[in-house]
Amino acid sequence: MAGTVVVVGSINADLGVEVDRFPQPGETLNGRGGVLAPGGKGANQALAARLQGAQVSMIGAVGDDAAADAALRFLREAGVHLERLHVESGATGIALVMVDAAGENQIIVIPGANASLSPDRVEQWLDQTGDEVVVMQGEIPVETIDHVAARTKGRLVLNLAPVVGVRRETILRADPLVVNEHEARLALRLLDPGHPAIDEEQELVSELMGQGCPSVVMTLGSRGALVGDSSGILEVASIRVEAVDSTGAGDAFVGTLAADLALGKNLQAACRHAAAAAASTVEHRGAQSSYWAMVDSPDQPERQ
Ligand code: RIB
């Protein structure tokens, strides 16, 4: 259905810890925070797409523990369809998210129930999908990503974050492939293991397209993104903001992009909007907790 996004991806509860600086190996530091908040790249992107006006359905897995409620809280509040969730006996995915005084983060993910999202499990739900925009990331089993990419009839937005060893056809099916610069280099190596290393950003996008990617979006953090498609490669600028916490900004970008594509915008216009939306989230703490700022008034308090 037009205007609809299906996210097949991870759902985590994020344990956010604020530190003045990251610890050295073997060092113990005091931090602040320690509250469980909704996260996971899949769930983050689903919430962002929903807040940007798309109908969103989430295919994912949570555990049968208390963390599942924390993980799903904002998806429920925003009206993301959750009929296609698997509840696995055991723990919900957990992410330890450390954020330093400069707003940079270090994240450790324990997949938990996300690892149970097998191809067989998602197959039962794929028959119900049609021409929706389908969004995936790299935090679910790699064989599931390959399976869904092969079975998807609609437009596939593949955010290969983190980069996992998907099949070549999966990457080439993505329209667009969304990666940061580091991920772009690894994705190019997946497509062509012998490819010489490339430093230059535009050239990376161009080489990925030369391998057969229909479109590539390379995110550039606070600078915006490079957008490559059949019309060429365009740099899309972001807006200047005071960075407090960049956690989940990339997911806000992907979710906004997916919603806009589903709602009929072209790729470049969608990326322009996505870059501005992602930038607005780094002014607030947390992943999903910061997303309401994309649509709320700037004076609205953050959701905790
Ligand atoms: O991209 C940010 C996300 O990465 C966090 O919410 C965390 O759960 C990890 O998946």
Side-chain angles (χ1 to χ4, degrees), residues 7-18 33-51 58-63 65 67-75 78 80 91-100 103-117 135-142 144-145 157-164 178-183 217 219 221-222 225 243-258 274 277-282 284-294 302-304:
V7 177
V8 187
S10 57
I11 302 169
N12 293 335
D14 287 357
L15 182 67
V17 182
E18 292 166 36
V35 177
L36 278 186
K41 293 188 196 306
N44 294 349
Q45 295 175 13
L47 179 69
R50 176 71 193 123
L51 293 177
M58 176 93 214
I59 295 180
V62 291
D65 56 355
D69 278 337
L72 295 172
R73 188 156 69 97
F74 289 158
L75 296 186
V80 170
T92 296
I94 294 280
L96 174 63
V97 182
M98 266 194 299
V99 180
D100 73 2
E104 297 295 336
N105 62 48
Q106 289 187 353
I107 302 179
I108 296 172
V109 176
I110 302 166
N114 294 302
S116 73
L117 200 68
V135 185
M136 288 192 290
Q137 324 72 30
E139 286 188 331
I140 56 172
V142 65
T144 305
I145 302 172
V157 175
L158 178 63
N159 175 214
L160 206 49
V163 176
V164 288
V178 186
V179 280
N180 65 24
E181 188 179 343
H182 170 69
E183 292 155 356
V217 174
T219 54
S222 59
V244 171
D245 181 354
S246 61
T247 309
D251 300 329
F253 184 105
V254 175
T256 300
L257 168 64
S280 72
T281 70
V282 309
H284 303 264
R285 292 207 177 276
Q288 292 182 32
S289 320
S290 68
Y291 288 7
W292 308 80
M294 296 190 296
E302 292 165 39
R303 282 178 174 70
Q304 297 301 320

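Index from 1, following the sequence. Counting starts at 1 for both ligands and their atoms, following the listed order. Basis for what follows: all heavy atoms, side chains included, without hydrogens, waters or symmetry-related copies.
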Please find the pair of heavy atoms, one from Asn114 and one from Glu139, that lie closest to each other, and give the distance. CB-O, 4.0 Å
Proximal ligand 1 atoms for [X], defined as those under 4.0 Å from one of its heavy atoms:
X      : answer
Glu139 : 4 (O), 9 (C), 10 (O)
Gly39  : 6 (O), 8 (O)
Asp251 : 1 (O), 2 (C), 3 (C)
Ala95  : 7 (C), 8 (O)

Heavy atom of Gly40, distance to ligand 1 below 4.0 Å: yes
With side chains defined as the heavy atoms from C-beta onward, is the minimum distance between Ser246 and Asn105 less than 4.5 Å? yes
Val254 vs Asn44 side-chain heavy atoms within contact, under 4.5 Å: no
What's the shortest distance from [atom] to any protein heavy atom, and which residue and atom give it?
atom                   : answer
atom 6 (O) of ligand 1 : Asp14 OD2, 2.6 Å
atom 4 (O) of ligand 1 : Lys41 NZ, 3.2 Å
atom 3 (C) of ligand 1 : Asn44 ND2, 3.7 Å

Return the NZ to CD1 distance between Lys41 and Ile11, rounded to the nearest 0.5 Å. 14.5 Å
When you measure from the side chain of [X] to the backbone of [Y], do you find a donor-acceptor pair of N or O atoms at a distance under 3.5 Å?
X      : Y      : answer
Asp14  : Gly16  : no
Asn159 : Gly138 : no
Asp65  : Thr92  : yes

Heteroatom proximity flag, Ser10 to ligand 1, N/O under 3.5 Å: no
Contact (N/O only, under 3.5 Å) between Thr247 and ligand 1: no
